[in-house]
Every structure is written in C-alpha cells, then in structure tokens.
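Below is one structure; the comments refer to it alone.
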Amino acid sequence: MKIQVIEGDITQCRVDAIVNAANRSLLGGGGVDGAIHRAAGPELLNECSGLGGCETGEARITKGYRLAARHVIHTVGPVWSGGARGEAELLRRCYLNSMKLAEQAGCGSIAFPAISTGVYRYPLEEAARVALKALVEYFKESNSDMEVFLVCFDSTSAEVYRKEIKENYPHLQ
Ligand code: AR6
C-alpha cells in the first residue's frame, strides 16, 4: 500500500491520473476544478460536455490533454450539510469509484485533492478520516499496487492528513 501526502498544485503532478473535485454538471467551476480545466485546455471541457454529468459519489474518466497526467478522473463530492445526510458514505464512494476507474484504465499512480473540503465545506479532519479509511479499505479488498498521492494545497491540510496517518495508520508512514 503506497499512500503519500504531498503539498502542492495537483495540476503539476506527474502521475497517470489526477482526480478532479467537480460538480454534477462536469462543466467546470472554481477551486481545483477551475485550475484543472485551465491547465488541461479547452479540449477537456469539450470531452466533459459529452458525458451528461455525474451523480454525487460517482466518477467519470477523460483524457488529460495538456496536463502531464494522462487522465483526469472527475468525481463529485457531497456538499457538507451537517453530516447527517449521508455525506461520509458519498465521499467514501468518490475515493473508491475513482480508484476503480484508474485501475480499469491501467493507471499505476493517482493524485487526489481533498475532495469536498473547499467550496463544499466538508470539515477537513472528517474528510481526511473518510479518505484514508476508503483508500486503506480499497487496498485491503483488491490486489492493487497503485501509488496514491494525497495532494494538499496548503500546509494546514497536509498536517491534518499526516496527523490522521500517524494516529490511525502508522504503517503508512
Ligand atoms: N491543487 C490541489 N488542491 C487544490 C487546488 C490545486 N490546484 N486548488 C484548490 N485545491 P474545491 P470542493 C484544494 O473548492 O470543495 C468547484 O467550483 C482546496 O484547497 O476545489 O469539492 C466545483 O466545480 C480544497 O482543499 O472543491 C464544484 O462546484 C480542495 O482542493 C465545487 O467547487 C477542494 O476544494 C466542488 O467543491
């Protein structure tokens, strides 16, 4: 199991697939979604507009166009509305469905942003717990040797992820 926390801009990652925290239209937006579309170029929006959207918790795959990454996996995280509306299960599915798509596309490495923790207001500590739990489960249930990067845009979120790993998954350090 290879899960690493890194700080930086996901659009610059040299991996087989980067994950986009998109919205259900898949037609672009702000945050990491906007950054990925800007870096990939207009061909990405063109491909996305033919996909017919994506439900929360699901994922779709496209090419990476001008990105270093071969693929973009677009997933739609839940909007946080207190935690009693199935947010954790939906966020968990984002990670699992993205891993499955990456595996099917033959990817050996994947980079995730902290899905839902920006515009969608998912509390970072809770989102980090869900992300790590989903990924560890995925590795337990598959014989995947995918390399996973959790890309944090700032040092505060990287610290939150590192703390979660230290406390609950010390074998990943
Ligand atoms: N690289 C890595 N992480 C980033 C980058 C980047 N270049 N830019 C932002 N982040 P958000 P959401 C972090 O808001 O909460 C869009 O408009 C950011 O600091 O991008 O899932 C979509 O179209 C935060 O930790 O995604 C949707 O409408 C994390 O990425 C909506 O926002 C996610 O923040 C999705 O909201």
Side-chain angles (χ1 to χ4, degrees), residues 3-42 44-62 64-69 71-83 85-99 101-102 109-132 134-135 147-165:
I3 302 178
Q4 287 180 58
V5 178
I6 58 170
E7 269 171 57
D9 177 353
I10 201 165
T11 65
Q12 302 304 310
C13 284
R14 299 196 161 270
V15 287
D16 293 328
I18 65 170
V19 175
N20 182 15
N23 58 61
R24 289 190 295 163
S25 76
L26 299 183
L27 298 178
V32 72
D33 194 3
I36 289 173
H37 275 273
R38 276 193 299 278
L44 180 61
L45 182 59
N46 191 40
E47 184 174 355
C48 284
S49 61
L51 296 176
C54 178
E55 288 305 315
T56 305
E58 293 183 4
R60 299 285 182 273
I61 191 164
T62 64
Y65 298 99
R66 299 177 201 176
L67 293 165
H71 297 286
V72 179
I73 293 172
H74 308 261
T75 189
V76 183
V79 175
W80 177 259
S81 49
R85 298 226 172 139
E87 291 95 327
E89 175 57 20
L90 291 166
L91 187 59
R92 174 175 167 270
R93 282 192 221 152
C94 289
Y95 284 90
L96 296 179
N97 286 326
S98 298
M99 289 297 289
L101 278 183
S109 56
I110 185 169
F112 284 92
I115 301 163
S116 283
T117 66
V119 174
Y120 284 177
R121 305 182 313 272
Y122 208 116
L124 195 54
E125 279 81 4
E126 296 180 40
R129 197 175 317 136
V130 172
L132 263 314
L135 291 168
E147 213 176 343
V148 176
F149 296 93
L150 297 171
V151 184
C152 297
F153 209 34
D154 54 64
S155 55
T156 315
S157 42
E159 269 320 300
V160 169
Y161 272 107
R162 289 194 182 110
K163 185 163 172 271
E164 175 63 17
I165 290 175

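Computed from a prediction, not measured in an experiment: that's the story for all the values here. For ligands, and for the atoms within them, numbers begin at 1 and follow the listed sequence.
Counted by atom type alone, Thr62 and His71 present zero donor-acceptor pairs between their side chains at under 3.5 Å. Glu7 and Ser155 are not linked by any side-chain donor-acceptor pair at a separation below 3.5 angstrom, with hydrogens and angles left out of the test.
Using a 4.0 Å cut-off to heavy atoms of Asp33, the atoms of ligand 1 that qualify are 22 (C), 23 (O). Atoms of ligand 1 found under 4.0 Å from any heavy atom of Ala21 (numbered from 1 in listed order, with element): 21 (O), 22 (C), 26 (O), 35 (C). Near Gly29, meaning under 4.0 Å from any of its heavy atoms, are these atoms of ligand 1: 17 (O), 23 (O). Proximity to Gly30 (heavy-atom distance under 4.0 Å) selects the following atoms of ligand 1: 16 (C), 17 (O). Proximity to Ile10 (heavy-atom distance under 4.0 Å) selects the following atoms of ligand 1: 1 (N), 2 (C), 6 (C).
Proximity of Ser157 to ligand 1 is not established, as no heavy-atom distance is less than 4.0 Å. Heavy atoms of Asp9 come nearer than 4.0 angstrom to ligand 1 in at least one pair. Assignment of Gly8 to the shell around ligand 1 is supported, since a heavy atom sits closer than 4.0 Å.
Tyr120 CG, 3.4 Å is the protein heavy atom nearest to atom 36 (O) of ligand 1. For atom 15 (O) of ligand 1, the closest heavy atom belonging to the protein is Gly118 N, 2.8 Å. Closest to atom 21 (O) of ligand 1 among all protein heavy atoms lies Ser116 N, 2.8 Å. The single protein non-hydrogen atom nearest to atom 13 (C) of ligand 1 is Phe153 CB, 4.0 Å, given as residue, atom name and distance. Closest to atom 33 (C) of ligand 1, if we only count protein heavy atoms, is Ala114 O, 3.3 Å.
A donor-acceptor contact shorter than 3.5 Å links the side chain of Asn23 to the backbone of Gly28. Under the 3.5 Å distance criterion, the side-chain polar atoms of Arg121 are matched with a main-chain donor or acceptor of Trp80. Of the possible donor and acceptor atoms, none in the side chain of Glu58 sits under 3.5 Å from a partner among the backbone N and O of Cys54. A donor-acceptor pair under 3.5 Å links the side-chain atoms of Ser116 to the main chain of Pro78, judged by distance alone. Between the side chain of Asn20 and the main chain of Ile36, no donor-acceptor pair closer than 3.5 Å is present.
At under 3.5 Å, a nitrogen or oxygen of Thr117, whether backbone or side chain, sits near a nitrogen or oxygen of ligand 1. By the 3.5 Å distance cut-off applied to N or O atoms, Val119 is counted among the residues near ligand 1.
With respect to Arg162 and Glu164, no salt bridge is recorded, no charged nitrogen being found less than 4.0 Å from a carboxylate O. We find that Glu89 and Arg93 are joined by a salt bridge, their nearest charged nitrogen and carboxylate oxygen being less than 4.0 Å apart.
Put simply, atom 9 (C) of ligand 1 has protein non-hydrogen atoms near it, under 4.0 Å away.
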message = side chain to side chain contact (heavy atoms under 4.5 Å, CB included) for Ile115 and Tyr95? Distances and angles first, verdict last.
response = CA-CA 9 Å; Ile115 301 163; Tyr95 284 90; 3.7 Å; yes
